[in-house]
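Just below is one structure, and these are the notes that go with it.
FYI, the numbering just counts along the sequence from 1. It should be emphasised that the depicted structure is a prediction, and the values quoted were computed from it without experimental measurement.
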Amino acid sequence: DHSFNIRVKTGSGDDKVNIRETLHNADSRIRIETRAGNDTVLIDDEATLEGIDSTIEVDTGTGTQDVLTILDSIDTSNGNNGTLTQNTLVGLGIQNANHVWYDNVESLNLELGSGNDVLTVESTHAHQTSIKSNAGNDTTHIQTISGATRVETGAGDDLTRVQSINNTLNSIAAQLTIDGGTENHTDHLILNDSGDVEGDNSTATLNNNSFEGFGSQRIHYTSMETLTLQINSLTDNLTVDDTHAGTTNIKVGEGESGEGEAGEGECVGPVSGIQINNTSGETTITSGDTSNPEEYISFGNNDAGVDFANDFFLTSQCGVTLLTISDITNHVGNEFTISVSPTDSHKTLISNLDDREIGFINIDALIVNASDFADTINIASTSSFTTIEVISGDDDDIFNVQSISAATTLRTGDHNDTVNIHSDQTMEQIQENLTVYTQSGFDTINISDAADGSFQTGTLTSTELTGLGIGTAHSI
């Protein structure tokens, strides 16, 4: 019933100290000083922390390979909460607001129980930290790390969230590894940089097993079913070299976008945005509004597992959300189709550009740069919410235009190109301005209204066609 203090000092050898249980007194303190040597300290009560009812202080001294292991691995209770800092551990069954204090440790190993645990990593020491959350549906919050840190989530549907208290990744100052394990469960990793100030550490790269940038050191991830990356704005400089085979969600906040200012009829926009070079799993970019997220662009699964030649650039320029698709590095001709989704008039689909299903919505302007080989570009229909510009390369290309509901521009290359404009041999589906720019070569524009049985009038000039069912006040 009385408080006590115990101090244990070891010598200069490679010592091992095991702390199994402490007397049940909240005011007591046990201090372990191992001094020189490569020492090992184990804290557990038969692999739980429920028998730890005193504060434990561990100072491993001047050794270079000192290890502190804290085990709660056979604890089956749910709702265990714990907090790890650079020198303390509280919670996880440790009794009466006591804690473990540590210093001069080169390797810290922490294992949680098999219940549904919550661990917050407020900070870490400057050396290696290893955390195993084991079975259960666990949640791990990682705010700041100063040394290499590895988290193995184990069995269960686990959530790992990486973000500072200010919703940035700037405090990940060392390599971080998140391993979801091989168990057949649903693991989710969230990387949140939505609070980062535009222009401050605003460049990053995402790959199929790593993320680096936005002020963060490299974050490795593996065996995740879902990855969510939250960024500040559409003009954050994010390069997506590839995504993992699971689901990737990129959520874009409404931070200051640095969009430039409109001047004398011209807007000088940013050179930064989201560059998408390849995706290997289902990938979606949406606005970061959690209550009403708006989709920008989505990619279906890359079942072929190939690195596609085309890439995508999404940005915000002077109040306009702009998507540019480039297929110019492709070394073969292609036939692809632009159309409106049959289930959502706001959504545009692109089929056969590659083996993925590609859709986008809430995009104000789309620019497609086709390859320098013979392409066939079908514009079956367009959304009234998205203007479209298609630029063909230097080969004999064919455009087939059937229906447009927003201003559309076609730019041909330096070969013999053909533009066919009709919808079942009528002009009634051309409801907005269609502009065609041709260059050198023998180019042909075919316009057919032959199947229109109604009385129409039209006017043809050297550069323009109006009437014949084309939308009021619009022209080709």
**Prompt:** Under 3.5 Å, side chain of S339 to main-chain N/O of A380, donor-acceptor pair present?
**Reply:** no
**Message:** Rounded to the nearest 0.5 Å, what separates atom OG1 in T279 from atom CD1 in I297?
**Reply:** 9.0 Å
**Asked** Can you list the steps and then say if T85 with V90 is a side chain to side chain contact (heavy atoms under 4.5 Å, CB included)?
**Response** CA-CA 9 Å; T85 74; V90 297; over 6 Å; no
**Item:** Test log, rule side-chain hydrogen bond (donor to acceptor under 3.5 Å, both in side chains), inputs T284 and N249
**Value:** CA-CA 5 Å; T284 304; N249 301 313; 4.5 Å; no
**Prompt:** Can you tell if the side chain of I43 reaches within under 4.5 Å of the side chain of V58, non-hydrogen atoms only?
**Reply:** yes
**Asked** Can I250 and V240 be said to form a side chain to side chain contact (heavy atoms under 4.5 Å, CB included), step by step?
**Response** CA-CA 10 Å; I250 299 174; V240 181; 3.9 Å; yes
**Prompt:** Nearest heavy-atom pair of I94 and L89: which atoms, and what distance?
**Reply:** CD1-O, 4.0 Å
**Request:** Please tell me if the side chains of L238 and L229 come closer than 4.5 Å, counting only heavy atoms from C-beta onward.
**Result:** yes
**Asked** CG of N87 to CG of D103: how many Å apart, nearest 0.5 Å?
**Response** 7.0 Å
**Fill in**
The side-chain contact (heavy atoms from CB on, under 4.5 Å) partners of R218 (sequence neighbours excluded) come to S210, E212, H220
**Item:** Student check: side-chain heavy atoms of S77 and T48 closer than 4.5 Å
**Value:** no
**Request:** Any chance you could measure R161, atom CZ, to L189, atom CG, to the nearest 0.5 Å?
**Result:** 10.5 Å
**Prompt:** Would you say the side chains of D242 and N207 form a donor-acceptor pair under 3.5 Å?
**Reply:** no
**Message:** Between N104 (side chain only) and D59 (backbone N and O only), is there a donor and an acceptor less than 3.5 Å apart?
**Reply:** no
**Message:** Let me confirm one number: the OG1-NE2 distance from T247 to H188, rounded to the nearest 0.5 Å.
**Reply:** 9.0 Å
**Message:** Closer than 3.5 angstrom, by distance alone: can the side chain of N80 be matched with the main-chain N or O of D117 as a donor-acceptor pair?
**Reply:** no
**Message:** Whether the side chain of E106 engages the backbone of D66 through a donor-acceptor N/O pair (distance < 3.5 Å, no angle test) should be reported.
**Reply:** yes
**Request:** Please list, chain by chain and in numerical order, all residues satisfying salt bridge (Lys or Arg N to Asp or Glu O under 4.0 Å) with D15, sequence neighbours excluded.
**Result:** none
**Message:** For F385 and H346, take the angle between the two ring planes, folded into 0 to 90°, and tell me which bin it lands in: parallel under 30, tilted 30 to 60, perpendicular over 60.
**Reply:** parallel
**Prompt:** Looking only at heavy atoms, what is the nearest atom pair of T34 and V17, with distance?
**Reply:** CG2-CG2, 4.4 Å
**Request:** Test side-chain hydrogen bond (donor to acceptor under 3.5 Å, both in side chains) on N352 and E335 and set out the steps.
**Result:** CA-CA 7 Å; N352 299 324; E335 179 174 358; over 6 Å; no
**Item:** Main-chain N/O of I363 paired with T386 side-chain donor or acceptor, under 3.5 Å
**Value:** yes
**Asked** Taking D375 for the side chain and N334 for the main chain, is one N or O donor matched with an acceptor at less than 3.5 Å?
**Response** yes
**Message:** I'd like to know if the side chain of T343 reaches the main chain of S341, judged simply by a donor and an acceptor atom lying under 3.5 Å from each other, with no hydrogens or angles considered.
**Reply:** no
**Message:** Working to the nearest 0.5 angstrom, can you tell me the gap between S383 OG and I404 CD1?
**Reply:** 12.5 Å
**Prompt:** Taking side chain as C-beta onward, heavy atoms only, is T243 less than 4.5 Å from F299?
**Reply:** no
**Item:** Short N-O contact, D44 and R20, less than 4.0 angstrom
**Value:** yes
**Prompt:** Any sub-3.5 Å donor-acceptor pair from N134's side-chain atoms to L112's backbone N or O?
**Reply:** yes
**Prompt:** Which residue pairs pass the ring-ring contact (aromatic ring centres under 6.0 Å, His included) test with at least one member in residues 133-186, sequence neighbours excluded?
**Reply:** none
**Message:** Quick check: do R31 and N5 have side-chain heavy atoms less than 4.5 Å from each other?
**Reply:** no
**Message:** I need the minimum non-hydrogen distance between T83 and L119, along with the two atoms involved.
**Reply:** N-CD1, 4.1 Å
**Message:** In the structure I gave you, are the side-chain heavy atoms of F373 and S371 within less than 4.5 Å of one another anywhere?
**Reply:** yes
**Over 12 non-hydrogen atoms of neighbours within 6.0 angstrom of CD1 in I165** = no
**Item:** Least distance between heavy atoms, V162 atom then L169 atom
**Value:** O-CD2, 3.4 Å
**Whether N232 side chain and S194 backbone form a donor-acceptor pair below 3.5 Å** = yes
**Prompt:** Restricting to pairs with a member in residues 53-88, which pass ring-ring contact (aromatic ring centres under 6.0 Å, His included), not counting sequence neighbours?
**Reply:** none
**Residues which pass side chain to side chain donor-acceptor pair (under 3.5 Å) with H125, listed by chain and number, not counting sequence neighbours** = T129
**Item:** Side chain to side chain, L206 and L227, heavy atoms closer than 4.5 Å
**Value:** yes
**Request:** For the pair I367 and I391, evaluate side chain to side chain contact (heavy atoms under 4.5 Å, CB included) and give the outcome as yes or no after the intermediate values.
**Result:** CA-CA 8 Å; I367 299 175; I391 305 168; 4.2 Å; yes
**Request:** Locate the shortest heavy-atom distance separating A174 from A148; write the atom from each residue and the value.
**Result:** CB-N, 3.6 Å
**Asked** Got a second to check how far N109's CG is from L68's CG, nearest 0.5 Å?
**Response** 8.0 Å
**Item:** Check: V100 and L49 side chains under 4.5 Å, non-hydrogen atoms
**Value:** no
**Prompt:** Okay, side chain of N209, backbone of T222: is any donor-acceptor separation there less than 3.5 Å?
**Reply:** no
**Request:** Give the C-alpha distance, both sets of side-chain angles, the deciding distance and a yes or no for side chain to side chain contact (heavy atoms under 4.5 Å, CB included) between D196 and N170.
**Result:** CA-CA 8 Å; D196 207 350; N170 298 338; 3.6 Å; yes
**Asked** Between S164 and N166, is a side-chain hydrogen bond (donor to acceptor under 3.5 Å, both in side chains) present by the stated rule, with each step listed?
**Response** CA-CA 5 Å; S164 71; N166 297 317; 4.7 Å; no
**E295: partners by salt bridge (Lys or Arg N to Asp or Glu O under 4.0 Å), with sequence neighbours left out** = K347
**Prompt:** What is the minimum heavy-atom distance between F312 and L323, and which atoms define it?
**Reply:** CB-CD1, 4.2 Å
